[in-house]
Protein chains: 2
Amino acid sequence: MRPACLPCGLAPEGLERLTGVSPRPLPVGHGDHAFRPGDPLRALYVVKSGSVKVYKPMADGDEQIVGFHFPGELIGLDGLATNSHTCAAAALETTTMCEFPVIQLHEMCHNYPLVRHEFNRLLGNHLTHLRNMLLLVGRKSAEGRLAGFLLDLSGRLKARGYSPCQFYLSMSRLDIANYLGLAVETVSRVFSRFQDEGLLSVQLRHVAIQDLDRLGRLVNAGSGLVGPFRPPRQLGAMTFAGAATMSS
Amino acid sequence: MRPACLPCGLAPEGLERLTGVSPRPLPVGHGDHAFRPGDPLRALYVVKSGSVKVYKPMADGDEQIVGFHFPGELIGLDGLATNSHTCAAAALETTTMCEFPVIQLHEMCHNYPLVRHEFNRLLGNHLTHLRNMLLLVGRKSAEGRLAGFLLDLSGRLKARGYSPCQFYLSMSRLDIANYLGLAVETVSRVFSRFQDEGLLSVQLRHVAIQDLDRLGRLVNAGSGLVGPFRPPRQLGAMTFAGAATMSS
DNA sequence: CGCAATATTGACCACTCTCAATGAGGGTGG
DNA sequence: CCACCCTCATTGAGAGTGGTCAATATTGCG
């Protein structure tokens with residue numbers, strides 16, 4: 001029922017708990033990169049504080065954001081296929097991350113079936129998330145996409161004990177637009193429309209959701225591909241055992 | 001460079017070779033299901049002949065296709081996250097598949113690091129594919145999507161020794177439209193336009209591509225989100241070690 | 001041979017992109 | 001502390017892609 005806009009997960013400290021390793025967090029500043037395309041896959045990273053965007057730089061200098069990541073979430077899986085990263089990961093604000101060298105991870109997977117299972121489950125969740133994202137971006141209207149995006153954010157924050165209805169967007173409108181495949185102006189307009197309709201109040205990067213239910217109905221409503229009455233669409237559960245998520 | 005529309009892969013018989021198991025193919029008829037949402041994840045399946053669509057049934061009876069799969073490709077990974085399938089897999093024509101029980105797979109992963117690595121790589125490839133698909137569906141025009149779809153098909157068939165320029169579409173226009181997030185009419189229209197422009201010739205489900213290059217340029221051209229001149233967009237390599245692919 | 005499903009084509013219209021202008025914040029230097 | 005600038009965000013007007021509705025082939029099947 002909950003829309004899927006962002007990564008999906010595994011218990012936040014799951015990896016740390018399972019591996020018994022908890023490296024000290026590395027601080028990075030706004031705009032700093034954890035990895036870039038072409039970098040060998042040395043490690044996976046767990047965000048400890050702040051937030052990160054994972055994106056694919058394109059040939060023409062443009063970029064495509066494939067995920068936003070918050071504390072407890074794992075990034076770096078984009079390098080799994082080829083052992084070298086295909087995406088870049090940049091901090092959206094001052095951020096700290098823990099590094100898990102892949103060599104250690106491989107050893108752990110070898111020695112502890114539980115780690116392996118957890119890791120597989122985590123990958124499966126990520127696949128699920130991407131499939132849901134595909135639905136959102138491929139079949140939903142601008143309103144549906146933004147609603148889905150916000151609900152996903154809300155859900156993830158709630159899972160971490162933050163307020164699900166009041167939060168700060170660490171990414172710019174441009175990032176959101178890029179992520180959702182919309183124009184910046186459209187994002188802005190939809191925010192305004194939502195506010196006018198009393199769904200939420202938004203001021204710059206501060207969002208306060210006022211009607212979660214109605215927002216949810218928006219996600220499962222408009223695809224512009226189905227019929228005059230926009231029948232509801234299930235997006236598939238994003239409910240996970242753990243409280244955290246993972247990413248690209 | 002090659003657009004990514006469909007699953008990505010692992011050596012076709014990679015799983016069989018690695019596991020040393022090669023079960024006999026099970027035949028299924030058009031419309032028969034290998035699994036449905038809610039089914040426990042008993043096995044993964046490799047398509048041996050024919051073709052399969054993997055899709056998510058929605059609340060309202062509609063469906064969302066998340067992949068088409070051809071001989072050599074693996075399906076069933078949608079159940080990895082929760083140990084039960086979230087998608088359905090239906091044969092598009094008379095099809096045979098080999099079954100790989102997950103229990104065996106787990107044992108193999110435990111006993112043979114190579115299997116585990118291969119499996120991880122394969123999952124990574126699938127993630128990459130989905131990310132590329134996200135790009136295609138989220139940022140490309142109708143022409144770009146169909147071009148990407150056809151090129152992906154072309155590439156996969158070529159990798160298997162079939163003609164990359166002449167093939168039969170085992171899925172209906174409705175399936176294609178569903179998969180690409182378009183209306184059936186749009187798919188039909190774009191096919192016609194492509195034919196008018198000499199890019200390909202199409203008659204019902206038979207397609208003959210006449211200008212692969214120009215088709216490729218279409219994919220990296222129109223996003224409708226970038227600027228007046230539609231700068232080219234890299235979609236990321238879909239080149240895999242093996243000749244086969246995997247799926248949902 | 002007809003019925004049903006699939007595919008194509010046309011007319012119309014809505015959503016959202018593009019272009020352009022204005023407003024609000026945040027930073028730097030005077 | 002204020003002026004200035006630059007980025008980010010908002011808002012409006014016009015245009016275009018693609019969805020919807022509807023009618024007409026074409027195919028496949030009983």
Side-chain angles (χ1 to χ4, degrees), chain A residues 29-31 53 62 92-94 136-147 168-196 200-207 218 221-231 233, chain B residues 29-31 53 62 92-94 136-147 149 168-196 200-207 218 221-231:
Chain A
H30 177 129
K53 74 171 173 184
D62 202 10
L92 288 168
E93 57 196 314
T94 303
L136 195 72
V137 159
R139 302 185 74 89
K140 305 294 180 189
S141 67
E143 292 196 351
R145 295 188 208 185
L146 192 61
Y168 176 81
L169 300 170
S170 55
M171 70 294 292
S172 69
R173 295 285 190 273
L174 204 122
D175 283 339
I176 297 174
N178 181 302
Y179 183 56
L180 297 177
L182 298 170
V184 197
E185 295 93 330
T186 304
V187 172
S188 214
R189 264 186 267 267
V190 174
F191 263 127
S192 301
R193 209 177 312 159
F194 281 175
Q195 184 161 241
D196 291 347
L200 50 78
S201 76
V202 55
Q203 181 174 9
L204 272 309
R205 300 191 171 190
H206 289 278
V207 175
L218 269 181
S223 83
L225 273 172
V226 191
F229 57 91
R230 309 286 167 86
R233 286 168 176 286
Chain B
H30 178 128
K53 75 171 174 184
D62 201 10
L92 288 168
E93 58 196 313
T94 303
L136 195 73
V137 159
R139 301 184 75 88
K140 305 293 179 188
S141 67
E143 293 196 351
R145 295 187 207 186
L146 193 62
F149 174 73
Y168 176 82
L169 300 170
S170 55
M171 69 292 292
S172 69
R173 295 283 190 275
L174 204 123
D175 284 339
I176 298 174
N178 182 301
Y179 182 54
L180 297 177
L182 298 170
V184 197
E185 295 93 330
T186 304
V187 173
S188 214
R189 263 186 268 268
V190 174
F191 263 127
S192 302
R193 209 178 311 159
F194 281 175
Q195 184 161 241
D196 291 347
L200 52 78
S201 76
V202 55
Q203 180 172 12
L204 272 309
R205 299 192 172 190
H206 289 279
V207 175
L218 270 180
S223 84
L225 274 172
V226 192
F229 58 91
R230 308 287 167 86

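So that the names make sense, note that chain A is the first sequence line, chain B the second, and so on, each numbered from 1.
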Polar pair under 3.5 Å, donor/acceptor by atom type, side chain B:R139, base C:dT16: no

Length of the NE2-P vector between A:H206 and D:dT10, whole Å: 13 Å

Any N/O donor-acceptor pair, B:R189 side-chain to C:dG10 base, under 3.5 Å: yes

d(NZ, A:K140; C1', D:dG18) in whole Å: 18 Å

cation_pi(A:R189, A:F194) dist<6.0 Å, angle<=45: no

Separation between CG of B:L169 and CG of B:D175, rounded to the nearest 0.5 Å: 10.5 Å

No-H, no-angle donor-acceptor pair, B:R145 side chain to D:dG18 base, under 3.5 Å: no

Whole angstrom value for the distance that separates P of D:dG19 from CG of B:L146: 12 Å

Distance, rounded to the nearest Å, where A:L174 contributes CG and C:dT18 contributes C1': 15 Å

Presence of A:R205 side-chain N/O under 4.0 Å of D:dA9 phosphate oxygens OP1/OP2: yes

Touch class at under 4.0 angstrom, heavy-atom based, for B:R193 against every strand present: nothing

Between D:dT26 (P) and B:L204 (CG): distance, integer Å: 11 Å

B:R145 side-chain N/O to B:G181 backbone N/O, donor-acceptor pair under 3.5 Å: yes

Between D:dC8 (P) and A:L92 (CG): distance, integer Å: 13 Å

N/O (side chain, A:S188) to phosphate O (OP1/OP2, D:dT10) under 4.0 Å: yes

Separation of C:dT9 C1' from B:F191 CZ (nearest whole Å): 16 Å

Euclidean distance, atom CZ of residue A:R173 to atom P of C:dG25 [Å, nearest integer]: 12 Å

B:T186 side chain near D:dG19 phosphate (N/O to OP1/OP2, under 4.0 Å): yes

Inter-axis angle, terminal five-pair segments of the helix from C:dC1-D:dG30 to C:dG30-D:dC1 [nearest 10°]: 40°

Residue A:Q203, side-chain atoms from C-beta onward, closest of C:dT16, C:dA20, C:dG25: C:dG25

Euclidean distance, B:E143 CD relative to B:T186 OG1, rounded to 0.5 Å: 11.0 Å

Side chain A:R139, main chain B:N178, donor-acceptor under 3.5 Å: yes

B:F149 CZ to B:L182 CG distance, which is reported to the nearest 0.5 Å: 11.0 Å

Steps toward side-chain contact (heavy atoms from CB on, under 4.5 Å) verdict (A:S172, A:R205): CA-CA 8 Å; A:S172 69; A:R205 300 191 171 190; 3.2 Å; yes

